[in-house]
A.B. asks: 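Starting off with a structure, shown below.
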Amino acid sequence: MDCILTEKNKLADNIYDFKIKSTSLAENAKAGQFLHILCGGNGYLRRPISICEVIDGEYVRFIFQVKGEGTTALANANVGDTIDVLGPLGNGFSFEECDNVIVIGGGIGIFPLLEVTKRLGKKAIVLLGFRSAENVILEDEFAKYTDRIFVATEDGSCGYKGYITDLMRNILETNKVDRIYSCGPMPMMKAVSSVAVDKQIDTQVSLEERMGCGIGACVTCTCNINGGRKRVCKDGPVFSASEVEWDA
Amino acid sequence: MPDLKINIAGVEWNNPVTTASGTFGFGEEYGQYFDLSALGAVCVKALSAVPRLGNPSPRIAETPMGILNSVGLQNPGVEYFKENYLAKLRTYDTKIIANLCGSSIDDYVKAAEMLGDCVDMLELNISCPNVKVGGMAFGTDPRSTEEITTAVKKVAKAPLIVKLSPNVTDVCEIAKAAEAGGADALSLINTLLGMKIDIHTRKPILKNNTGGLSGPAIKPVAVRMVSQVYHAVKLPLIGMGGISNGEDAIEFMLAGATAVAVGTAGFVNPYAWVDTVCGIEKYLVENKIEKVTDIVGQAELY
Ligand SMILES: Cc1cc2nc3c(=O)[nH]c(=O)nc-3n(C[C@H](O)[C@H](O)[C@H](O)COP(=O)(O)OP(=O)(O)OC[C@H]3O[C@@H](n4cnc5c(N)ncnc54)[C@H](O)[C@@H]3O)c2cc1C
Ligand SMILES: Cc1cc2nc3c(=O)[nH]c(=O)nc-3n(C[C@H](O)[C@H](O)[C@H](O)COP(=O)(O)O)c2cc1C
């Protein structure tokens, strides 16, 4: 599906914020789902990028980091250009009733959590982890929906010094939490998961894997779930943390 | 309107386009994008007598105009296929091809017996480069090709297609062995064994180290092999390897393919299969050709 790029911003070094117009995407998109984007340039395959926000039932926003060929080409798109997008794809986060929620993300994994936080509002305690102060982005946008928001940087240049998961452990000591939503680097999600499973907190994690078709047919993007292999694109990318075999 | 019907090993297809096994699952996913009745046949993912887990991830890597995959024949087994996917596939006006894999001749025979006549054609995958036992080993030696073809043909209740590997010195030798073993048709090519290394981590992208190369990058190799095999055996051929549209398909048919399969191109364009059918028709109309079968093998070689 061809969508018009209506807004483009550079948020930080190598991080781009795109808004595309598509009523059908916006009407169907759920927090945690992703778009499979044809980036142009020399890359052959599409690139999976999370839906960051759905705006006014008409626009979808996504944010990406420039890494290799595809994202480099995508970053060159200009407002008014068309972008070929498949989606929304995958299963997003589920939102059964609960009152006390932690939303925890690290690095580029925080993007899908904005729509999650928008949906949860004040119920959410948001924890965002970055390497250093210059990598901190979107904090003010998360702050629009909840006032309980904490940042950690590995070097201590902004907020708590250390891993965001250490901060989560501290918060769990004093707060009752019945659900955790998480997306970020694998070691981070693994740490979140081990704490959460210990404390029996229902936890949803969004996984990442190299993928082909994006719709479940090629079965290349598998992860180990409950003794079997599941497709990140179609069965995920959101899985229940208790089912993920992190070391398999 | 040109006539797109073909007959391959006694099975009539509405048009010459099918799906490359392993790129189309069991039809469910792309069935959300277009009506599968638009295809001549649907070839499903490799099936084995017992379920297989496949290889660990990452099992896909991007390459110039193509991909490497090391899925390793993950599949839920023949029984599961029959119980959960077959009925739905049968609601479409298309032929169904089951791709068979295994680690031993017995495995293949068992899978073929379990399928019986519930599908329209069987495709013997003796060319998968991603498994340690069986797979490509059968398809790179003429004696084992003939032996396994004979064994499966003996129990097959549907016409038998043998799928050839490009990872051989002389593809015609293997094609003739399959013909001698009683194959009813041949399909080619499966993926080319390849590798990609991340120069920063110095590690291969694929957890399996190596994988099978597919997509437009392999098309010239595939066209060459179809042409060679067309002139070496009498069997009808299903050509594949990097086909993305009608023009690519016509090239394979001119080289000698009666039918074609589209695979990897669909990962980029989910309509690649139907676009290929439309593109073939357009070429026939533009060139005032009445029957698609009239172009098979009509390349004028020097
Ligand atoms: C479900 C999902 C959601 C994602 N959401 C976002 C997001 O919102 N923002 C963002 O910046 N990034 C996101 N990513 C990661 C993003 O897909 C990769 O950074 C991107 O594909 C890299 O492409 P490239 O052309 O820059 O790199 P190249 O190295 O040129 O890519 C080569 C191939 O490897 C694949 N690949 C490389 N790195 C990754 C990776 N980390 N994950 C999956 N495939 C990879 C590419 O898709 C491509 O097929 C997401 C990944 C997944 C699986
Ligand atoms: C992800 C993937 C999985 C595949 N799985 C199978 C398989 O199960 N059985 C088989 O015979 N071939 C398999 N193949 C090979 C294709 O059927 C086809 O022969 C090859 O990809 C060349 O065609 P293409 O370039 O159009 O994809 C697979 C290819 C890919 C890309």
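Source: prediction; values computed, not measured. Chain identifiers are assigned alphabetically (A, B, ...) following the order of the sequence lines, protein sequences preceding nucleic acid strands; residue numbering begins at 1 within each chain.
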A.B. asks: With a 6.0 Å cut-off (strictly less than), is the heavy-atom count around CD of A/E58, excluding the residue itself, greater than 12?
C.D. replies: yes
A.B. asks: Side chains of B/R59 and A/V219, heavy atoms from C-beta outward: is any pair under 4.5 Å?
C.D. replies: yes
A.B. asks: Given heavy-atom pairs under 4.5 angstrom as the criterion, report whether the side chain, backbone, both or neither of A/I215 touches chain B.
C.D. replies: both
A.B. asks: Under 6.0 Å from the CZ atom of B/R90, do we count more than 12 heavy atoms belonging to anything else shown?
C.D. replies: yes
A.B. asks: Is it the case that more than 12 heavy atoms not belonging to A/N42 sit under 6.0 Å from its CG atom?
C.D. replies: no
A.B. asks: Can you tell me how far CG of A/L86 sits from CG of B/N269, rounded to the nearest 0.5 angstrom?
C.D. replies: 8.5 Å
A.B. asks: Under 6.0 Å from the NZ atom of B/K196, do we count more than 12 heavy atoms belonging to anything else shown?
C.D. replies: yes
A.B. asks: Tell me, yes or no, whether the heavy-atom count around A/Y163 atom OH, taken from other residues, nucleotides or ligands under 6.0 Å, exceeds 12.
C.D. replies: no
A.B. asks: Answer with side chain, backbone, both or neither: which region of B/A265 has an atom nearer than 4.5 Å to a non-hydrogen atom of chain A?
C.D. replies: both
A.B. asks: When rounded to the nearest 0.5 angstrom, what is the spacing between CG in B/L206 and OG1 in A/T220?
C.D. replies: 10.0 Å
A.B. asks: Side chain, backbone, both or neither: which part of B/Y30 has a heavy atom under 4.5 Å from chain A?
C.D. replies: both
A.B. asks: Do you know which of B/P51, B/G25, B/S70, B/G266 has the most heavy-atom pairs with chain A at a distance under 4.5 angstrom?
C.D. replies: B/G25
A.B. asks: Hey, does B/I60 have a side-chain heavy atom less than 4.5 Å from the side chain of A/L45?
C.D. replies: yes
A.B. asks: With a 4.5 angstrom heavy-atom cut-off, is it the side chain or the backbone of B/Y33 that approaches chain A, or both, or neither?
C.D. replies: side chain
A.B. asks: Under 4.0 Å between a side-chain nitrogen and a carboxylate oxygen: does that hold for A/K234 and B/E28?
C.D. replies: no
A.B. asks: For A/K8, does the NZ atom sit with more than 12 other heavy atoms under 6.0 Å from it, leaving out its own atoms?
C.D. replies: yes
A.B. asks: Under a 4.5 Å heavy-atom cut-off, does chain A meet the side chain of B/P270, its backbone, both or neither?
C.D. replies: side chain
A.B. asks: Measuring heavy-atom distances to chain A, does B/T264 have an atom under 4.5 Å in its side chain, in its backbone, in both, or in neither?
C.D. replies: both
A.B. asks: Rounded to the nearest 0.5 Å, how far apart are CZ of A/R229 and CG of B/N55?
C.D. replies: 7.0 Å
A.B. asks: Hey, what do you get for OG (B/S57) to CE (A/M211), rounding to the nearest 0.5 Å?
C.D. replies: 10.0 Å
A.B. asks: With a 4.5 Å cut-off on heavy-atom pairs, point out which of B/G263, B/G27, B/A217, B/P216 contacts chain A the most.
C.D. replies: B/P216
A.B. asks: Counting heavy-atom pairs under 4.5 Å to chain B, which of A/A217, A/G214, A/C221 comes out on top?
C.D. replies: A/A217
A.B. asks: Is it true that, when you exclude B/K82 itself, more than 12 heavy atoms of the residues, nucleotides or ligands shown sit nearer than 6.0 Å to its NZ?
C.D. replies: yes
A.B. asks: Please examine the side chains of B/V268 and A/Y44, heavy atoms only from C-beta on, and report whether any two atoms are closer than 4.5 Å.
C.D. replies: yes
A.B. asks: What's the spacing between B/E62 CD and A/R47 CZ if we round to 0.5 Å?
C.D. replies: 4.0 Å
A.B. asks: Just checking B/K95: does its NZ atom have more than 12 heavy atoms from other residues, nucleotides or ligands closer to it than 6.0 angstrom?
C.D. replies: yes
A.B. asks: Between atom CG of B/L53 and atom CG of A/N224, what is the distance when rounded to the nearest 0.5 Å?
C.D. replies: 8.0 Å
A.B. asks: Counting heavy-atom pairs closer than 4.5 Å to chain A, which one of B/G66, B/P64, B/G22, B/A61 comes out on top?
C.D. replies: B/G66
